[in-house]
Amino acid sequence: MTLTLAITPPEAAPRRSPALYALAFAVTLLLVLVAVNSKFNHDEIEHAHSAWYVAQGALPYRDFFEHHHPLLWYLAAPLFKLMADDESVLIVLRMVMVAMSLGTAATAAAVARRLSAKPGAALTCYILLLSCMMFTRMGVEIRPDVPMVMLETLSLYYFLRALDSSAMKHVVLCGVCAAVAYWFLQKALFFVAALSLLTIIAVVRKELRGRAALVLLACVGGGIALLFLVFASHGALHDYYLTNFLVNKRKLSSFSTLRSMHPMWVSLAANSGFWLLGAAGVGIGLASFKRGSRVGYVALLGLLLYLSVVRVDRPWEQYYLPALVMLAVVGAWTLTHLSDWVRPKIAGILRFMLLASVALVTLLALHKYATNRNAAQLARIRYATQTTKPDDLVYDGDANFNVFRKDLHYFWFSTRPNWNLSFYNRLTSNRFGDYDICSLLAEKQPVLIADTMIDRDRCPAFRYYQQDEQAKAFRLYRRVEGP
């Protein structure tokens, strides 16, 4: 009988670093604290209210204005039915976002592990991504970008698996994940375009069979087409295309180019080590883009996703999320391979400095988000719910506090001059050109209002609204009398 011993060489054995595990715990804790304590963004109230509308049986784009894709609202709708008028549903939804962002970080770590056999690559990627404050802040907010990015990262993971195994199940999963990402947000088209380019490159380099490439692209295209068919079957295809593409195209072209890079500069100041490693990883990955090397694929994908953001005149912070994931992957790869290019002692010093900067940023952020900052917003939402009946109308005006009540108009937010209502009217021969909030107040007589976009001195209907002490604290007005 022969006994065979499998001996792992010392250089290949994973080294457990207490410092890395401590950092991983710290950035995970930070993500949770940001979710629980940070202020709610305007977009979060918008998506929560849209999910509430869907829970009431309304159809997006036809029955109420929205300019994002719908899957998040449909998945959240059962939660709104279960929790009724409980404002803590927002915290629950944030924790769902936390779980998705952790899923993104774990998948990115799995990608990093596929790129590098060196110990610590996966954990370093996880730490880098969650220590990037732009990712952490946006990654806990109730917005479709979060599940979209998770699915895009899964799609990349299965793409790399398909290159290594040629298994058709990985090809199909890659395409399906990319298609479902589009159901969450139309910005996934940038990822789909980049993935298509990577697929063509893989076929040319004979790393992916032509049949597999066709299956992948068919899964993506079929999944995207299915969303169009769903809205066509409800007679809302034109409304979907109008609000999600034509209106958004008009809006994006209205931003100032001079302000376009502001989120980038803020993130660069807060996480300079992250951006340095990411940029180095992209450069080195592209330079070493040879057959058999997978780093080049991720580097190219990261560069394309980043360029898709900066070409927009005013990219919001969440636009950067897909690129940040790819930068974390190639940044971790660069950090773990430093000793391949410089002396081990120098590589160790550089690693220590970079991880020390990550630790410092994380500790400062933990201190910042240890205090709750959203209690007043939740109290305002609760006041609006408790002082109205389920069938009462409420005027919010800008998606700030109304989560659980009906609005006065199809355009329930985004009505300020030269914004979505204006763009919509220009594209529809002035369909809602007669929109006037003062006339709506007189006609609909909502029980509770904010003074958003109301010229109180020139609005006769406003005199029927007053503030008691509690309403005044929340900057709201209750209807007290009327004709």
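These numbers were taken from a predicted model, which means no experiment stands behind them. All residue numbers in this chain count up from 1 along the given sequence. Heavy atoms only: backbone and side chains are in, while hydrogens, waters and symmetry mates are out.
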Check step by step if salt bridge (Lys or Arg N to Asp or Glu O under 4.0 Å) holds for K118 and D340. CA-CA 11 Å; K118 294 201 172 187; D340 294 348; 2.7 Å; yes

Check whether the ring centres of Y240 and H69 lie less than 6.0 Å apart, and answer yes or no. yes

Output yes when a side-chain donor or acceptor of S101 lies under 3.5 Å from a complementary backbone atom of V98, and no otherwise. no

Measure the shortest side-chain to side-chain distance between S196 and V192 over non-hydrogen atoms and say whether it is less than 4.5 angstrom. yes

Within the 4.5 Å heavy-atom criterion, are D86 and R382 side-chain neighbours or not? no

Looking at R114 and D164, does any basic side-chain N land under 4.0 Å from a carboxylate oxygen? yes

Contacts of type side-chain hydrogen bond (donor to acceptor under 3.5 Å, both in side chains), residue T388, not counting sequence neighbours: R405

What residues, two or more places apart in sequence or in another chain, satisfy side-chain hydrogen bond (donor to acceptor under 3.5 Å, both in side chains) together with H409? none

In this structure, is the centre-to-centre distance between the rings of Y435 and F411 below 6.0 Å? no

Using only heavy-atom distances, determine whether the side chains of N248 and H67 contain a donor-acceptor pair under 3.5 Å. yes

Mind telling me whether F65 and Y410 have parallel, tilted or perpendicular rings, with 30° and 60° as the class edges? perpendicular

Looking at every heavy atom in both A178 and L195, which two are closest together, and how far apart are they? CB-CD2, 4.0 Å

Would you indicate whether the side-chain heavy atoms of V295 and V329 approach each other to under 4.5 Å? no

Are H68 and W73 close enough that their ring centers fall under 6.0 Å? no

Going by side-chain hydrogen bond (donor to acceptor under 3.5 Å, both in side chains), name the residues that satisfy it together with S308, two or more places apart in sequence or in a different chain. none

Qualifying side-chain hydrogen bond (donor to acceptor under 3.5 Å, both in side chains) pairs, either residue in residues 124-140, two or more places apart: T28-Y126, R137-E317

Cut-off 3.5 Å, no hydrogens considered: what does the side-chain donor-acceptor table look like for residues 32-40, sequence neighbours left out?
unit_1	atom_1	unit_2	atom_2	d
N37	OD1	N372	ND2	3.3
N37	ND2	Y369	O	2.8
S38	OG	V34	O	2.5
S38	OG	R94	NH1	2.8

Name the orientation class of the two ring planes belonging to F64 and Y53 (parallel below 30°, tilted from 30 to 60°, perpendicular beyond 60°). parallel

Do I454 and Y395 come within less than 4.5 Å of each other through their side chains, counting heavy atoms only? yes

Does the side chain of D398 pick up a donor-acceptor pair with the side chain of H42 at under 3.5 Å? yes

For a 4.5 angstrom cut-off between non-hydrogen side-chain atoms, does D145 reach K187? yes

I'd like to know if the side chain of W183 and the backbone of G223 have a donor-acceptor N/O pair within less than 3.5 Å. yes

Close side-chain approach of W341 and I284, heavy atoms under 4.5 Å: yes

Does D239 come within less than 4.0 Å of R62, counting only side-chain N to carboxylate O? no

How far does CG of L93 sit from CE of M83, to the nearest 0.5 angstrom? 8.5 Å

Ring pair (Phe, Tyr, Trp, His ring centres under 6.0 Å) involving Y241 - partner list, sequence neighbours excluded: F245

Ring-plane angle category for F423 and W419, please: parallel below 30°, perpendicular beyond 60°, tilted otherwise. tilted

Would you please indicate yes or no on a ring centroid separation below 6.0 angstrom for F401 and F474? no

Are any non-hydrogen side-chain atoms of L408 and I437 less than 4.5 angstrom apart? yes

R113 and A122 have their tightest heavy-atom pair at NH2-CB, 3.6 Å

Can you tell if the side chain of F135 reaches within under 4.5 Å of the side chain of V325, non-hydrogen atoms only? yes

